[in-house]
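This chain uses plain numbering: 1 for the first residue, then up along the sequence.
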Amino acid sequence: MSFSVDVVVMAAGKGTRMRSNKPKVLHRLGGRALAQHVIDTAVRLSARSVVVITGHEAERVEAGLAAPAGCATALRYVRQEPQLGTGHAVQQAAPLLPDDGVTLVLSGDVPLTRVETLQALLDLCAGEYLALLTLEMTDPTGYGRIVRSADGSVQAIVEQKDASEAQKAITEIYSGIMAVPTRLLRGWLARLDNRNAQNEYYLTDVVKSAVADGQGVKAHRIHDAIQVAGVNSPLQLAELERAHQRRQAESFMEQGVRLADPARFDLRGELVCGQDVEIDVNCVFEGRVLLGQGVRIGANCVIANAQIDDGAVIHPFTHIDGEKLGVRVGADALIGPFARLRPGAQLGPEVHIGNFVEVKNSTLAAGAKANHLAYLGDATVGERVNYGAGSITANYDGANKHRTVIEADVHVGSNSVLVAPVTIGAGGTVGAGSVITKDAPAGALSVSRGKPFTVPDWKRPAKKAG
């Protein structure tokens, strides 16, 4: 491609049918705003610049979007106030578009157009022609129709409200996406008028100007409606979400990932998988997740911002969320079912975290085990530690967090409380039901017993007479 591409993203509309206070283009698909998908697509096309046209809640929209880190594409914004149609919108962007490039017009609520489709459209434009992306539809109601001459060349786009009965019968529609040499677009924008049923300036009228000037108008026709589907209601958003997730699932399966059911897979961020990964149904991945070779993910897991090393098994109903600190699960570890790993959990190889165990901001060395009903917060746990059921680290004194250190080969009995800051020396044992408030030397038996619980006399049931 010998010409530069500048992308214009239409994002000024209100989207009242969404019935939400959030601007339409900020509703999320796969964890990202609709318009962010469009910007990211432009970046993958190596666009020189992206100009986002905002209007309704412009400041909120502009704050909610960004260029991907490290990309060379410049991201800029212009305002369309008031909103007088699509042509009027692009007129606002025109001063930011250099004459030596091609302008690619995209819609901020149409997130699933494939990069290769847009590249084909740009190739058709070739820096010389007005090129339209069109779609063949069984029911074209509501869309602008592509009017062709007898030889098949494009003559006009006629909006539904302005179409004759014969034109309404046309099944090829305009998608809202076009590529046009900017030097030509600038003059055609200046000739737009609002003499139509909506009293708006239609961008589609540039086709009439191009034809009148003897400039060729080409069309790249596709049959995949999802690529040009917009979002105007919660139902349409949900339909696009499923289409997006299915597309992602198929991509992973092509790479060799085994999904139990691609229809029950949700990725709302970035997922990187090694070889021989298996993922069961109803799993959700958020943020950045790395799965090593041979990892198995059980059903109904939610995993966010985590690295899971080779051979680890995440049993069903496990919740892992690293947030900013991240979570790491070591090679061949066993996690769950019904386990929770919170930010800062760093688990070594062959660690076992069982049902209803929560780990937060703690490191567990190789072979450590906490198999049931336990809490480890702000703890450093050594190799081969066995942490008993019902035991907790009491790490918070109401003002500050303190650390618990459990050295290698310690056995912590069930229903124990380790009150931080405290260290249990290597090879020691904490007796069941103990409350430990002082450091224990290596190899020691630590036992603490409180006074037996008694019921005050005034709470005792009255004795029956006789």
>> Please determine whether side chain to side chain contact (heavy atoms under 4.5 Å, CB included) holds for the pair Val90 and Val206, giving the CA-CA distance in whole Å, both sets of side-chain angles, and the decisive distance to 0.1 Å.
In response: CA-CA 11 Å; Val90 178; Val206 300; over 6 Å; no
> Is there a side-chain contact between Gln248 and Leu271, using heavy atoms and a 4.5 Å cut-off?
Replying inline: no
> Are the side chain of Arg186 and the backbone N or O of Ala94 linked by a donor-acceptor pair below 3.5 Å?
Replying inline: yes
>> Tell me if a side-chain donor or acceptor on Thr73 pairs with a main-chain N or O of Ala47 at a distance below 3.5 Å.
In response: yes
>> Between Glu286 (side chain only) and Asn305 (backbone N and O only), is there a donor and an acceptor less than 3.5 Å apart?
In response: no
>> Could you tell me if Lys24 and Asn232 have a donor-acceptor pair between their side chains, going purely by distance under 3.5 Å?
In response: yes
> Charged N to carboxylate O under 4.0 angstrom, Glu128 versus Arg183?
Replying inline: yes
> Can you name the closest pair of heavy atoms from Pro181 and Cys125 and give their distance?
Replying inline: CD-SG, 4.0 Å
>> For a quick test of reading the model, state the closest non-hydrogen atom pair linking Gly176 to Ser107 and the distance between them.
In response: O-OG, 4.3 Å
>> Under a 3.5 Å distance rule, please check whether Thr393 uses its side chain to pair with a backbone N or O of Gly377 as donor and acceptor.
In response: yes
> Can you find a heavy atom in the side chain of Arg342 that is under 4.5 Å from one in the side chain of Glu323?
Replying inline: no
> Between Phe3 and Ala126, what is the shortest heavy-atom contact and its length?
Replying inline: CE2-C, 3.5 Å
> Ignoring hydrogens and geometry, is there a side-chain-to-backbone donor-acceptor pair from Asp193 to Arg195 under 3.5 Å?
Replying inline: yes
> Is there a donor-acceptor pair under 3.5 Å between the side chain of Arg148 and the backbone N or O of Ser153?
Replying inline: no
> Thinking salt bridges, do Arg242 and Asp266 make one under a 4.0 Å N-O criterion?
Replying inline: yes
>> Which residue in the set His56, His88, Gln92 passes side chain to side chain donor-acceptor pair (under 3.5 Å) when paired with Gln80?
In response: His88
> Do Arg258 and Asp276 have side-chain heavy atoms sitting under 4.5 Å apart?
Replying inline: yes
>> Take a 6.0 Å sphere around NZ of Lys14 and say whether it holds more than 12 heavy atoms from other residues, nucleotides or ligands.
In response: no
> Take atom CD in Gln275; do more than 12 heavy atoms of anything else shown fall under 6.0 Å from it?
Replying inline: no
>> I'd like to check Ile279 versus Phe252 (side-chain heavy atoms, cut-off strictly below 4.5 Å). Are they in contact?
In response: no
>> Under the side-chain contact (heavy atoms from CB on, under 4.5 Å) test against Thr103, which residue among Leu189, Val51, Leu185 passes?
In response: Leu185
> Which heavy atom in Leu122 sits nearest to a heavy atom in Ala179, and how many Å separate them?
Replying inline: CD2-CB, 3.9 Å
> Side chains of Asp151 and Ser149: do they bring a donor and an acceptor to under 3.5 Å?
Replying inline: yes
> With a 4.5 Å heavy-atom cut-off, do Tyr387 and Leu364 have their side chains touching?
Replying inline: no
> Looking only at atom types and distance, does a side-chain atom of Gln346 sit under 3.5 Å from a main-chain N or O of Thr363, one as donor and one as acceptor?
Replying inline: no
>> Tell me if a side-chain donor or acceptor on Ser362 pairs with a main-chain N or O of Ala345 at a distance below 3.5 Å.
In response: no
> Near Phe338 CZ, under 6.0 Å, is it more than 12 heavy atoms from other residues, nucleotides or ligands?
Replying inline: yes
> Below 4.5 Å, heavy atoms only, C-beta onward: do His27 and Val231 meet side chain to side chain?
Replying inline: no
> Does Ala366 offer a backbone N or O that forms a donor-acceptor pair with the side chain of Glu383 under 3.5 Å?
Replying inline: no
>> Taking Tyr143's backbone N and O only, do any of them form a donor-acceptor pair with Arg145's side chain (distance below 3.5 Å, no angle check)?
In response: yes
> How about Asn21: does its CG atom have over 12 heavy atoms from other parts shown lying under 6.0 Å from it?
Replying inline: no
> Between Thr171 and Met137, is any pair of side-chain heavy atoms under 4.5 Å apart?
Replying inline: no
> Can you find a heavy atom in the side chain of Glu200 that is under 4.5 Å from one in the side chain of Leu84?
Replying inline: no
>> Restricting to non-hydrogen atoms, name the atom on Met253 and the atom on Pro262 that form the minimum distance, rounded to 0.1 Å.
In response: CE-CB, 3.5 Å
>> To check you understand the geometry: which heavy-atom pair defines the closest contact between Ala312 and Val329, and what is its length?
In response: CB-CG1, 4.1 Å
>> Checking Gln119 against Glu116: is there a side-chain donor and acceptor pair closer than 3.5 Å?
In response: no
> Going by the angle between their ring planes, with limits at 30° and 60°, are Phe285 and Phe265 parallel, tilted or perpendicular?
Replying inline: tilted
